[in-house]
Amino acid sequence: MRISLRLILIASVAACAPLLPEAPPVSAVAETRALAAPVVPSSPATPAPVVVDQAGFDGWKQGFLTRHGGARRAEYERELEGLTPDPSVIRLDRNQPEFSRPAGAYVQSAASATRIAQGRARTDRVPWEVTQRFGVPTEILVSVWGNESAFGAIQGDYDVVRSLATLAYDGRRRDWAEGELKNALDIVIDGRRDRAGLKGSWAGAMGQTQFMPDAYLRLGVDQTGDGKVDIWGSDADALASAANLLARAGWKPGQTWGYEVILPAGFDYAEAEGPRQPWRYWAQRGVSLAQGGAPNAAEALEEAVILLPQGARGPAFLALPNHYVIRRYNNSVSYALAIGLTADGIAGRPGLVASWPDDAPLSRDQRIGAQAALTQLGYDTQGIDGVVGANTRAALRRWQVAEGRLADGYLTAELADELIRRAG
């Protein structure tokens, strides 16, 4: 049993990673990553080994110091002295579970009955002053806490500076990673946290609520009043910081994140993830809430989107503005649904009516191959990086419309293989 638990914890820590948004954030909130429940590999194949070039890394480091060192060059150079890249960071960055696993597998694992029960038992850990000050419900904060770090138990033990330097060297998200690395170095140099204690996920997310360094510097809250923002050791500081992040991102008090909905026969699936519309628009098209009733008066006036995270065969959702606020924490539909559904369970709301299809995960080759094929066929995915996000789904939906198919924008393993064959 000890071995099994250890494997689960290691897999959970490996899930930490910031995700690059497909559209710029509307707020100043930094990207952070969730700690999901045990991760299932996206492909049964053993990942190819990652080879790093120390000379190339040292060359990048000198470039970083030139670009960002300024008056602190000597101090940055001291902290980076002798640093080597971490191959495991590059490997994990290329296989993030929210974008490789079917949504249902991710959500059911993250929003499990166990996590919901654990969350209910911890609702009294959220200071009353925090919910009053920021307007973010207790169940949302507890859900974030549970999904990010198993309520503080699994915060990651990677050297944040080394992880961010590795991501910057690898180059897929260099500008972002270099900015976060500079912030991490400033945290150490300014004495906010010593270098040995600056631990986190493989991609630099830190503490019980997995803040990136930028978010820590701008949005961290000293709830205990002891003169420091301790998101590692203080539940109160971590939860208040998360509440501040969500409030600054535009959380709307008195509204939920969304609802499961039932779509009528003949629904135009091409409208999913399209323009946002008020509830009246969707109701006129035969959309109904799965549990009956209607959104409250404030929610009904908001513009909302229909989401089909696992295509026409899976559950459908009406995503309200707070769903997109959650995605400022991590720009993934699966992640935001996991947070919302966990929070619903903690608050005692009923579970889903529809079942998740048992689809196979997509390998990295399938994801990249499908993106390349769509782009080659004239449906630009805005990047070929293996991240099946909103731009890739929109491109796939356009192809499905052109082909006269049901346009749900959902990429299955079979459809990826077909696209790859079509592109030759």
Side-chain angles (χ1 to χ4, degrees), residues 26-27 103-104 107 110-111 116 119-120 123 131-132 134-144 147 243 246-312 314-356 390 393 408-409:
V26 296
S27 71
V107 170
I116 288 169
R120 286 177 181 166
T123 55
T131 57
Q132 295 303 300
F134 297 107
V136 181
T138 293
E139 63 266 24
I140 289 289
L141 295 175
V142 173
S143 177
V144 168
N147 278 286
L246 293 169
R248 287 276 297 276
W251 185 270
K252 293 179 177 286
Q255 299 185 26
T256 188
W257 62 272
Y259 294 92
E260 183 188 9
V261 293
I262 303 298
L263 304 179
F267 180 78
D268 182 3
Y269 287 93
E271 287 202 87
E273 285 195 274
R276 302 183 187 192
Q277 304 289 352
W279 171 243
R280 181 180 66 254
Y281 176 92
W282 297 115
Q284 288 173 347
R285 279 152 183 77
V287 177
S288 60
L289 301 191
Q291 300 290 346
N296 68 36
E299 294 165 349
L301 296 175
E302 299 286 358
E303 295 185 335
V305 173
I306 299 295
L307 297 179
L308 304 169
Q310 209 161 333
F317 299 91
L318 181 79
L320 291 162
N322 284 339
H323 166 87
Y324 293 93
V325 172
I326 296 171
R327 283 169 64 172
R328 297 310 180 199
Y329 224 113
N330 178 327
N331 194 19
S332 155
V333 173
S334 295
Y335 173 82
L337 287 175
I339 294 297
L341 292 170
T342 302
D344 284 352
I346 291 170
R349 301 184 188 103
L352 297 181
V353 171
S355 300
W356 293 101
R393 293 191 296 272
D408 62 0

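Residue numbers run from 1 in the order of the sequence given. No hydrogens, no waters, no symmetry mates; every other heavy atom, side chains included, goes into these values.
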Side chains of [X] and [Y]: does their closest heavy-atom pair fall under 4.5 Å?
X	Y	result
Leu246	Leu141	yes
Tyr335	Tyr329	yes
Pro295	Thr256	no
Val305	His323	no
Glu299	Tyr259	yes
Glu139	Thr342	no
Val325	Asn322	yes
Val287	Ile262	no

Test your reading of the model: is there a side-chain donor-acceptor pair from [X] to the backbone of [Y], 3.5 Å cut-off?
X	Y	value
Trp257	Gly340	yes
Asp408	Ala312	yes
Trp282	Ala304	yes
Arg120	Gly345	yes
Glu260	Pro315	no

Closest non-hydrogen atom pair, Pro264 against Gly286: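 That closest heavy-atom pairing would be CD-O, 3.5 Å.
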How long is the span from the [atom1] atom in [X] to the [atom2] atom in [Y], to the nearest 0.5 Å?
X	Y	atom1	atom2	value
Ile306	Asp268	CD1	CG	11.5 Å
Tyr269	Leu308	OH	CG	7.0 Å
Trp279	Glu302	CH2	CD	14.5 Å
Asp344	Leu337	CG	CG	10.5 Å
Ile346	Thr123	CD1	OG1	8.0 Å
Leu263	Phe317	CG	CZ	11.0 Å

Could you list the residues that satisfy salt bridge (Lys or Arg N to Asp or Glu O under 4.0 Å) with Glu271, not counting sequence neighbours?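 Salt bridge (Lys or Arg N to Asp or Glu O under 4.0 Å) check on Glu271 returns Arg285.
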